[in-house]
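Worksheet for the structure shown next.
Note that ligands are numbered from 1 as they come in the structure, with each ligand's atoms numbered from 1 the same way. Residue numbers run from 1 in the order of the sequence given.
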Amino acid sequence: MESLTHSSSFLLPNPPVDTAALTYVLVVLNRDLPRFTPLLWKNGDFELKLLSVLISQICICADGGANRLYDEMPLLFPDETALAVRQRYKPDLIKGDMDSVREEVSQFYRALIMHLDSSFVSLLAEVLEIHLGTRIVDASDDQDTTDLHKCIAYIRDLPNLENENASTCVLVAGALGGRFDHEVGNINVLCHFSSTRIVLLSDDCLIQLLPSSHHHKIHIHPTIEGPHCGLVPISGPSKSSTTTGLQWNLSDTEMRFGGLISTSNLVKDEIVTVRSDSDLLWTISLKKIR
Ligand SMILES: Nc1ncnc2c1ncn2[C@@H]1O[C@H](COP(=O)(O)OP(=O)(O)OP(=O)(O)O)[C@@H](O)[C@H]1O
Ligand SMILES: Cc1ncc(C[n+]2csc(CCO)c2C)c(N)n1
């Protein structure tokens, strides 16, 4: 069976080069904006941003997630004007049923053409006819899937990412805390799009799916994450799960809700390995100091 490698190196202030092996897409949800969100925005610099349009790194707001970006991103940069911050962190797309995003916010981003200082960049944009204002996609006709689901479906179907599902990683900011129905809905999105790498993030922890189709090798970065972690059989009972690198390892162990699930575990090594006959959620705490 093939092995998948996982790493939270996207949260490091200076990510190692191997982070670039994945194409990251950021989705901002309608929940407190994690304070590390600017770090996830590899393309916060507008020149890089333009280049990154060409390599498909994008930021999408799920409906009311745009309000969070508009209201809360400037608070993370108290020495700058709100306008300067909003210009730098402009979403490429706002998608959802549009019952939460405020009109002034969608109007602001729709009209926002990135401020271009570099004549080379503006010329390139002109030649390539790149539209720099935010696209707004109203998907209010679908009341059966969540806004996050709609955003992931959009990413999965992007023509230039279609054949690169395995090397695309969607980082979802603001996925946890607050309403439990939303949290469960977000976890359900991990299960629905199980072949897409998706990481749910809050200030406190991250959650991702470890599909049973693969063995898993998780690189732990102790400066930013751990030690608390958990493994949860999310799609039904697991007859056999085996791990290394944890304080309480599983060894061909059965897990199910109502029986044993692995919560309040601790990472011990810098590499954790997991294999299971059932899809598991991996969760690890994130450190406050970053
Ligand atoms: N409290 C929360 N916890 C976790 N995720 C959330 C929370 N609130 C919103 N989200 C996420 O942000 C997305 C956009 O939120 P938004 O409030 O715009 O959704 P909504 O469709 O208006 O929700 P609802 O109509 O149920 O209030 C949701 O699809 C969900 O993924
Ligand atoms: C059985 C069932 N339960 C809840 C909803 C409602 N719902 C689920 S996702 C969504 C869109 C939220 O942006 C809405 C309104 C439904 N359709 N079917």
Side-chain angles (χ1 to χ4, degrees), residues 8 10-11 24-38 40-41 58-73 75-76 86 89-110 134-158 168-209 230 232 234-235 263 281-286 288:
S8 312
F10 51 81
L11 286 173
Y24 290 96
V25 177
L26 176 62
V27 178
V28 177
L29 300 186
N30 190 11
R31 182 73 205 149
D32 301 347
L33 196 68
R35 67 197 174 290
F36 52 74
T37 308
L40 308 180
W41 210 298
I58 52 176
C59 170
I60 298 175
C61 290
D63 192 1
N67 299 339
R68 299 298 183 143
L69 193 62
Y70 185 91
D71 295 337
E72 296 175 24
M73 194 62 114
L75 304 179
L76 300 176
R86 288 175 187 142
Y89 296 100
K90 180 187 78 65
D92 299 283
L93 178 80
I94 302 171
K95 184 171 181 184
D97 60 6
M98 300 302 168
D99 59 352
S100 302
V101 62
R102 304 195 305 272
E103 188 58 24
E104 47 147 347
V105 172
S106 57
Q107 286 302 336
F108 174 85
Y109 285 123
R110 195 200 312 264
T134 299
R135 269 190 73 198
I136 316 281
V137 178
D138 181 339
S140 52
D141 51 327
D142 173 2
Q143 288 296 309
D144 291 335
T145 64
T146 66
D147 296 322
L148 174 60
H149 182 116
K150 292 174 175 89
C151 291
I152 304 288
Y154 175 90
I155 294 163
R156 182 199 52 192
D157 298 338
L158 277 173
T168 301
C169 180
V170 185
L171 306 175
V172 183
L176 306 160
R179 270 176 52 186
F180 186 62
D181 63 328
H182 271 310
E183 295 180 303
V184 174
N186 295 340
I187 289 170
N188 187 45
V189 166
L190 298 185
C191 299
H192 184 89
F193 297 96
S194 60
S195 59
T196 303
R197 286 177 185 261
I198 304 171
V199 185
L200 302 181
L201 291 154
S202 72
D203 268 327
D204 302 312
C205 71
L206 70 74
I207 302 180
Q208 64 188 94
L209 189 77
V232 178
I234 191 66
S235 342
T263 57
L281 287 182
W282 164 253
T283 181
I284 186 163
S285 55
L286 296 179
K288 297 270 180 234

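Residue Asp144 approaches ligand 2 through these ligand atoms, each under 4.0 Å from one of its heavy atoms: 9 (S), 16 (C), 17 (N).
Where the criterion is an N or O separation shorter than 3.5 Å, residue side chain and backbone included, Glu183 fails it with respect to ligand 1. Considering backbone and side-chain N/O atoms, Asn30 comes within less than 3.5 Å of an N/O atom of ligand 1. For Gly64, a nitrogen or oxygen atom sits less than 3.5 Å from a nitrogen or oxygen atom of ligand 1, counting backbone and side chain alike. For Asp142, no nitrogen or oxygen atom sits less than 3.5 Å from a nitrogen or oxygen atom of ligand 2, counting backbone and side chain alike. Residue Gly177 places at least one N or O, backbone or side chain, under 3.5 Å from an N or O of ligand 1.
At the top of the distance list for atom 16 (P) of ligand 1, counting protein heavy atoms only, stands Ser100 OG, 3.5 Å. Nearest protein heavy-atom neighbour of atom 13 (O) of ligand 2: Asp97 OD2, 2.8 Å.
Taking the charged nitrogens against the carboxylate oxygens, Asp204 and Lys288 do have a contact shorter than 4.0 Å, which makes a salt bridge. No salt bridge links Lys95 with Asp147; every basic N to acidic carboxylate O contact stays at or beyond 4.0 Å.
Contacts between Asp97 and ligand 1 below 4.0 angstrom, taking non-hydrogen atoms only, involve the side chain exclusively.
A donor-acceptor pair is defined here as one N or O able to donate and one able to accept, closer than 3.5 Å; no such pair exists between the side chain of Arg102 and the backbone of Asn67.
Residue contact check for ligand 1: Gly65 places no non-hydrogen atom closer than 4.0 Å to it.
Within a 4.0 Å radius of atom 1 (C) of ligand 2, the protein contributes no heavy atom.
Residue Leu29 holds the heavy atom nearest to atom 11 (C) of ligand 1 of all those in Asp99, Leu29, Val28.
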